[in-house]
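Indexing begins at 1, ligand by ligand and atom by atom, following the structure's order.
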Amino acid sequence: MTNSSGKDVSGAKKPADNSEKEAVLPPKSNFSEWFNTIIDIGKIMDVRYPVKGLYVWYPFGFGIRKRVYSIIRDVLDNSGHEETLFPLLIPENEFMKEAEHIKGFENEVYWVTHGGKTPLDVNLALRPTSETAIYPMYKLWVRSHADLPIKLYQIVNTFRYETKHTRPLIRLREITSFKEAHTVHATWDDAKAQVDEAVLLYLDIYRKISIPVLVSKRPDWDKFPGGDYTIALDAIMPDGKTLQIGTVHHLGTNFAKTYDITYENENGEQVLANQTCYGISERSIAALISLHGDDKGLVLPPVAAPIQVVVIPVLFKEGTEKIMAACDKVVDSLKKEGIRVETDASDLRPGAKYYKWELKGVCLRIEIGPKDLEKNSAVLVRRDTGKKEFVPLDNIADEVKSRLSAMGDDLYDAAKVRQNALIFPCKSLPEVKEAIQKGVATISWCESTECGKRMEDEIGAGILGIPIHQSGDSGTCPACGKITPKIVYVAKTY
Ligand SMILES: Nc1ncnc2c1ncn2[C@@H]1O[C@H](COS(=O)(=O)NC(=O)[C@@H](N)CS)[C@@H](O)[C@H]1O
Ligand SMILES: [Zn+2]
């Protein structure tokens, strides 16, 4: 792609024409290459869009997103939240209130300065997150105690001029699937209760898509700009680095002061409101793909799989009609149960079919051949374990349903075992340094900033957070030797 002066601006890899062979998936042990390849050949996102940090959803990948985000919507809608939509463009004067007081996003924000050839009288920011779009409206909406709490969320695209290495699903400049909730409360404690609820809701969402997470309080120097404190959910990726896949921020009255959000209490006084905000992005999909995938490709929990079952007729010269009729009957009975099922009647060899559908993470494969028909049975193969079973055709729908529901739990349990195997309790900083090459270290910390910063400098990695569930056993802070009951996670992060 070239710009008006003929300069090649694509910067992306040359478009692969159809003749180019599909890339071969490397083993998952080479995680970085595995991830980049599966995003491409698994038809999740097309990374060739000619703007750095912006990517295109393939329909298959979008099918995964659609299911994950319908789970997010269900959990939020069933916990007193209402979905809405605020504008994308934010006037400079409102945005700069945040920049003066809170210094959050002024280095990451994109600006719109013209309408066509006409310079705008006020520059407009593309929302990097929507506090500065929403809170001037909250100021208009919040008059009295009776207006509280407000619990709204939106699922929008946001824009951040990320200067670190951009990657599809993990670090984008256009975050295409940014679910942001913004709540308003009468007191600091009410907002704290909302933070606690939001953490539980996020745990529920991630449990539903079989993702185990670490929950911790970010150190003060790493909290959300303008927040009182941040609770974060991190997934341990297969390479041992952590990916922040959700954050919940207690904002105190900081933004209410900046945007003058006050309510009249029972005594007729004007009181500053307390707020929270909490976000999830397409990193949720990155974690889903990364934690469950294997050397053969995607492994998708049934709730997120665009195709849950593929029926494969094993055809020979004769008996084709009978086999196809049996396959159609199976497909009908599964569709009646709301199961997402396809038949692969293509002329690919069976082995090539297995490869194709395993790559796409289809949860269950059903094979029906002449011998199966004679026994009125079919072969069922689970994608996660590869386990092969013969099941009677008569109640195939129940057989499939029971395996699909077991698979979601089994995927979670297996991922939880892998996560725990990547957490290394340490007693000294050299041990931590070694442990974070493989996963997440735990170490005692007296919680003083000075010790925390010293530890980070010596380790060459950041304190990820203070686990919200602490064992309570005491240890000694490796920086000052003080006895402390607090342990922290230390990890390399995305
Ligand atoms: N460049 C990015 N690409 C993809 N996801 C991102 C990016 N930046 C942040 N996220 C995700 O978005 C979540 C929320 O972002 S945030 O900055 O922590 N929090 C906020 O913006 C608050 N306003 C809550 S919505 C993060 O936890 C992270 O999972
Ligand atoms: Zn200390």
_Under 3.5 Å, is there a donor on one side chain and an acceptor on the other for Glu83 and Gln154?_
no
*Which residue and non-hydrogen atom of the protein lie closest to atom 19 (N) of ligand 1, and at what distance in Å?*
His249 NE2, 3.0 Å
*Out of Lys217, Gln244, His249, Lys223, which residue meets the side-chain hydrogen bond (donor to acceptor under 3.5 Å, both in side chains) rule with Thr230?*
His249
*Look at atom 21 (O) of ligand 1 and say which protein heavy atom is nearest, naming residue and atom and giving the distance to 0.1 Å.*
Arg160 NH2, 2.8 Å
*Closest non-hydrogen protein atom to atom 18 (O) of ligand 1, residue and atom name please, with distance?*
Thr247 OG1, 2.9 Å
*Looking only at heavy atoms of Thr166, does any of them come nearer than 4.0 Å to an atom of ligand 1?*
no
*Describe, in one word, how the ring planes of Phe255 and Tyr259 are oriented to each other, choosing from parallel (under 30°), tilted (30 to 60°) and perpendicular (over 60°).*
parallel
*Between Arg283 and ligand 1, which part of the residue brings a heavy atom under 4.0 Å of the ligand: side chain, backbone, both or neither?*
side chain
*Nearest-neighbour protein heavy atom for atom 12 (O) of ligand 1, which is reported as residue plus atom name and distance*: Phe178 CE1, 3.5 Å
_Subset of ligand 1 atoms that lie under 4.0 Å from at least one heavy atom of Tyr278_ = 24 (C), 25 (S)
*At under 4.0 Å between heavy atoms, which part of Glu131 makes contact with ligand 1: side chain, backbone, both or neither?*
side chain
*Is the number of heavy atoms from other residues, nucleotides or ligands within 6.0 Å of NZ (Lys433) greater than 12?*
no
*Quick one: do the Trp445 and Thr484 side chains pair a donor with an acceptor below 3.5 Å?*
no
*asked:* Is it the case that the side chains of Glu456 and Trp221 hold a donor-acceptor pair, with the cut-off being a distance below 3.5 Å and no angle test?
replied: yes
*asked:* Any non-hydrogen side-chain atom of Ile236 less than 4.5 Å from a side-chain atom of Gln419?
replied: yes
*In ligand 1, which numbered atoms sit nearer than 4.0 Å to a non-hydrogen atom of Glu162?*
1 (N), 2 (C), 8 (N)
*Would you say Leu172 has any N or O atom under 3.5 Å from an N or O of ligand 1, going by distance alone?*
yes
*Could you check atom 5 (N) of ligand 1 against the protein and tell me its nearest heavy-atom contact, residue, atom and distance included?*
Ser281 OG, 2.8 Å
_Ionic contact status for Lys416 with Asp409, cut-off 4.0 Å_ = no
*Is it the side chain, the backbone, both or neither of Glu282 that has a heavy atom closer than 4.0 Å to ligand 1?*
neither
*asked:* Check for me whether Arg218 meets the cation-pi criterion with Tyr229, that is, NZ or CZ under 6.0 Å from the six-membered ring centre and within 45 degrees of the ring axis.
replied: no
_Starting from atom 2 (C) of ligand 1, what is the nearest protein heavy atom, named by residue and atom, and what distance separates them?_
Ile175 CD1, 3.6 Å
*Compute the angle centred on the Zn ion (ligand 2) spanning SG of Cys446 and SG of Cys451, and express it rounded to 10 degrees.*
100°
*Just say parallel, tilted or perpendicular for the rings of Tyr138 and Tyr135, cut-offs at 30° and 60°.*
parallel
_Under 4.0 Å, heavy-atom basis, I'd like to know which part of Phe224 is in contact with ligand 1: side chain, backbone, both or neither._
side chain
*May I ask you to check whether Tyr110 and Tyr161 place their ring centers less than 6.0 Å from one another?*
yes
*Considering only non-hydrogen protein atoms, determine which one is nearest to atom 29 (O) of ligand 1 and report residue, atom name and distance to 0.1 Å.*
Gln244 O, 2.8 Å
*Heavy-atom distances under 4.0 Å are what count here, so tell me which part of Ile170 touches ligand 1: side chain, backbone, both or neither.*
backbone
